[in-house]
Amino acid sequence: MSRVFITATGVASPLGSSFSEVMEGIEKGAKGLANIKSFDTSYFPISFAGEVKANGEVIKTDSSIDRKALFLEIALEQILSTSILDRYDPTERFASLGTGIDYFDLPNYINETVALGAPAPWGKYVKCSISAAKDLTKRLELAGGCIINATACVASSQAIGLAFRKLKQDGMGVALTGGYDSMIAPLHYMGFYRLGALSTWTGAPQDACKPFDKNRCGMVLGEGAALYCLEPEATARQEEILAEVVGYSSTMDAYLVTDPDPEGKYLAKAALEAIHGAGLSPEDIDCVHLHGTGTYKNAISESNAMKIVFGKRGPEIPVFSLKGQTGHLVGACGALELMGVIYSLRNQCVPPTVNFKTPDPKVPLNVIKDKPLCMNIRNILKLNSAFGGQNTALVVRRYE
Amino acid sequence: MKVVFDSFDGSSNIPARNYVRKKKMVKYFSRLSAAAMVSFGKLANGITLTPDMPIYYATGPLTHGETSYFHEMCDIFLSSSEPFSNKIFIERALPKMSPLHEFGALYNMPVCFISIEYGLVGDNASLCCGAAALLEQAKHSVYRGNIILGAGKLYSDGKIESAFAALTKAELNSIPQFSWDEDAIELFRVLEKEKAL
């Protein structure tokens, strides 16, 4: 069994499109949510989102472009600049990536339909989520294969978990892992609205996502990509190591398709399996980076899971959610939030959760607010949960 | 090893209702999810499922998915003979969109429904990948007991193939290599043939 290290990053996010911008954004408590700028939202009943920015500006695209494929390329460029993949034979390179649902170019499909006077050919306007990854596999000569995980909101954390397991068990090779997703386009954005899943906030958009706050009112969609190189102990270069992945588990609630289990039993099970798999006990975990969507039910489920995992320490252990700053990146959320974990390890602090103002007595968590909590941090538990009941837990350690 | 392989043509009724105790769940099913429930129901009949048993499921693209509401949305634009506009989309077409639309677009729904119906709470993955990727996922499972693998394929004419297998680690490791381009469903065609021999 090999140790597994994170050795490179690439990112496109609502906080910026470089690792340093994301680190700075977390440090400053930057708010990446705003009214949608990448497409016209006139007449839309709601238009908040966390859109990807480069050089401080939202990246705008034509509706024929699948934004998540573009973000994958932006993040990949940063990974390639490290030359880490080049150090490995193509047979030793593999990708394990998470992504979301397929993109559909609704405006152009409708326009052709109207021009034809009959439904236009469907496939021309669909961009399958895996297309970009398949293209990348060929270009980068990833002869070790490409595994695309599409388990909704845990897709990227499951993808990172598989990369971790492979390198831990095989002890050789390099993984390109992480996630890419965007649902910020008319069809799926309004699809989630129709589902009743989006924040009902009517105030300033940057305040729309309030993880764990008593006045939380739902989630806000985000978009982006976050990629990592994972390498085993035998080949990772010490000076490039950002953190060590030491534990992973995934479970299912088997509860309801629409809601998390309010008791958080299987989220806690994933957490305990990941902690024990890392050879640790809950006392060894210094802080927790939660899923923290800003919905009422997520907060209840996560706080109950914390009680199961940590017992009396459940309401005391410092916790954080990044989603108030970035929105919910769905198939890429776990991957982007791993950057928050790296931030905590590098800076030895738990950042404040943006928009958390009023504690909820029903959510007894130690959510850090207003200013960072500086402390000695060695092991961090990272949790995510999916619409549909899947949970993931990663344990990440400071490199020593 | 137990293998179930089903095929449903585009016009056939998929009898998922016969395979679920929680009938209210059926409204969320896409045809692919319904097919998965039927195939898994047949697999579960006669084997012992334990709650921690891992389940890994792979499909190809879902882009030939449920489109009935889409035709209704298109009809609204066709009847107006106007190009796409937010005004028509939001005021007239959107009300035709079912709130359940996203359940057909999410890749993890078949595993979600199976988990709920059968109380599976263990390791899992919903992949948009081929046979080699599905096997790679399963081979790196840390669970020591039997593993459940599944796949679905949606064809452009509406035909659906759906398959599940319960395997030991030894059976899993004896499966020959697949190329990265082969659909996940092809794995089960091979397993079914092997079983028949």
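All figures in this text were calculated on a predicted structure; none of them were measured in a lab. Letters go in sequence order (proteins before strands), and every chain restarts at 1.
No other option in A:I130, A:V257, A:T41 has as many heavy-atom pairs under 4.5 Å with chain B as A:V257. Most heavy-atom pairs under 4.5 Å with chain A: of the set B:P95, B:A125, B:A132, this distinction falls to B:A125. Chosen from B:Y118, B:F84, B:F77, the residue pairing most often with chain A at heavy-atom distances under 4.5 Å is B:F84. Among the candidates B:V111, B:D181, B:I90, the residue making the largest number of heavy-atom pairs closer than 4.5 Å to chain A is B:I90. Between chain B and the options A:T99, A:L116, A:V330, A:D40, heavy-atom pairs under 4.5 Å are most frequent for A:D40. Per-residue heavy-atom pair counts under 4.5 Å with chain B were compared for A:L195, A:T392, A:T151, and the maximum is reached by A:T151. For the set B:S126, B:A133, B:G130, the entry with the most heavy-atom pairs within less than 4.5 Å of chain A is B:S126. For the set A:L256, A:N108, A:T251, A:T137, the count of heavy-atom pairs under 4.5 angstrom toward chain B peaks at A:T251. Taking A:Y109, A:F94, A:Y193 one by one and counting their heavy-atom pairs under 4.5 Å with chain B, the maximum is reached by A:Y109. Options A:S131, A:S96, A:A120, A:G144 differ in how many heavy-atom pairs under 4.5 Å they form with chain B, and the most are formed by A:G144.
Distance check, rounded to the nearest 0.5 Å: NZ of A:K134 to SG of B:C129 gives 8.0 Å. Within the model, atoms CG of A:D102 and SG of B:C128 stand 6.5 Å from one another, a figure rounded to the nearest 0.5 Å. The CZ atom of A:R194 lies 7.5 Å from the OG atom of B:S98; values are rounded to the nearest 0.5 Å. Between the NE2 atom of B:H140 and the CG atom of A:D170 there is a distance of 3.5 Å, given to the nearest 0.5 Å. In this structure, NZ in A:K166 is found 3.5 Å from CD in B:E136, a value given to the nearest 0.5 Å. Taking OG of B:S115 as the start and OH of A:Y266 as the end, the distance is 9.5 Å to the nearest 0.5 Å.
Looking at B:E102, the atoms closer than 4.5 Å to chain A (heavy atoms on both sides) all sit in the side chain, from C-beta outward. If you measure heavy-atom distances from B:Y57 to chain A, you find no contacts under 4.5 Å at all. For A:K269, the part sitting under 4.5 Å from any heavy atom of chain B is the side chain, from C-beta outward, and nothing else. Neither the backbone nor the side chain of B:I114 has a heavy atom closer than 4.5 Å to any heavy atom of chain A. Contact annotation for A:S249: neither backbone nor side-chain heavy atoms come within less than 4.5 Å of a heavy atom of chain B. For A:F44, the parts sitting under 4.5 Å from any heavy atom of chain B are the backbone and the side chain alike. Of the atoms belonging to A:A270, not a single heavy atom falls under 4.5 Å from chain B. Both the backbone and the side chain of B:I116 come within contact range of chain A, each with at least one heavy atom under 4.5 Å from a heavy atom of that chain. Heavy atoms of B:K22 lying under 4.5 Å from chain A are absent altogether. Looking at A:A143, only its backbone comes within 4.5 Å of chain B, counting heavy atoms on both sides. For chain A, the nearby part of B:D52 is the side chain; its heavy atoms alone come within less than 4.5 Å.
Other residues, nucleotides and ligands contribute more than 12 heavy atoms inside 6.0 Å of the OH atom of B:Y143. Enclosure of atom NZ in A:K138 is not indicated, since only 12 or fewer non-hydrogen atoms of other residues, nucleotides or ligands lie within 6.0 angstrom. Around CZ of A:R139, the count of heavy atoms belonging to other residues, nucleotides or ligands within 6.0 Å exceeds 12.
Nearest heavy-atom pair across B:A105 and A:H188 is CB-CE1, 4.2 Å. In terms of heavy-atom proximity, A:S250 sits nearest to B:N124 at OG-ND2, 3.1 Å. The two atoms that bring A:A152 and B:N108 nearest to each other are CB-ND2, 3.5 Å, heavy atoms only.
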Before giving the answer on side chain to side chain contact (heavy atoms under 4.5 Å, CB included), spell out for B:L106 and A:I101 the whole-Å C-alpha distance, their side-chain angles and the decisive distance to 0.1 Å.
CA-CA 6 Å; B:L106 288 162; A:I101 56 188; 3.9 Å; yes

A:E273 and B:V142: side chain to side chain contact (heavy atoms under 4.5 Å, CB included), yes or no, with the steps?
CA-CA 11 Å; A:E273 285 176 357; B:V142 293; over 6 Å; no

Decide yes or no on side chain to side chain contact (heavy atoms under 4.5 Å, CB included) for A:L142 and B:W180, but give the supporting numbers first.
CA-CA 11 Å; A:L142 302 175; B:W180 290 98; over 6 Å; no

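For residues 106-125 of chain B, the set of pairs meeting the salt bridge (charged side-chain N to carboxylate O under 4.0 Å, His left out) definition, not counting sequence neighbours, comprises A:R165-B:D123, B:R21-B:E117.
Residues B:V121 and A:D253 have side chains not in contact (no heavy-atom distance under 4.5 Å, counting atoms from C-beta outward).
Residue B:P83 is tested with A:N111, A:I110, A:T113 for a side-chain contact (heavy atoms from CB on, under 4.5 Å); the sole match is A:N111.
Contacts between residues 156-164 of chain A and chain B, counted as heavy-atom pairs separated by less than 4.5 Å, involve A:Q158, A:L162.
Between B:F103 and A:F387, the distance separating the two ring centers is shorter than 6.0 angstrom.
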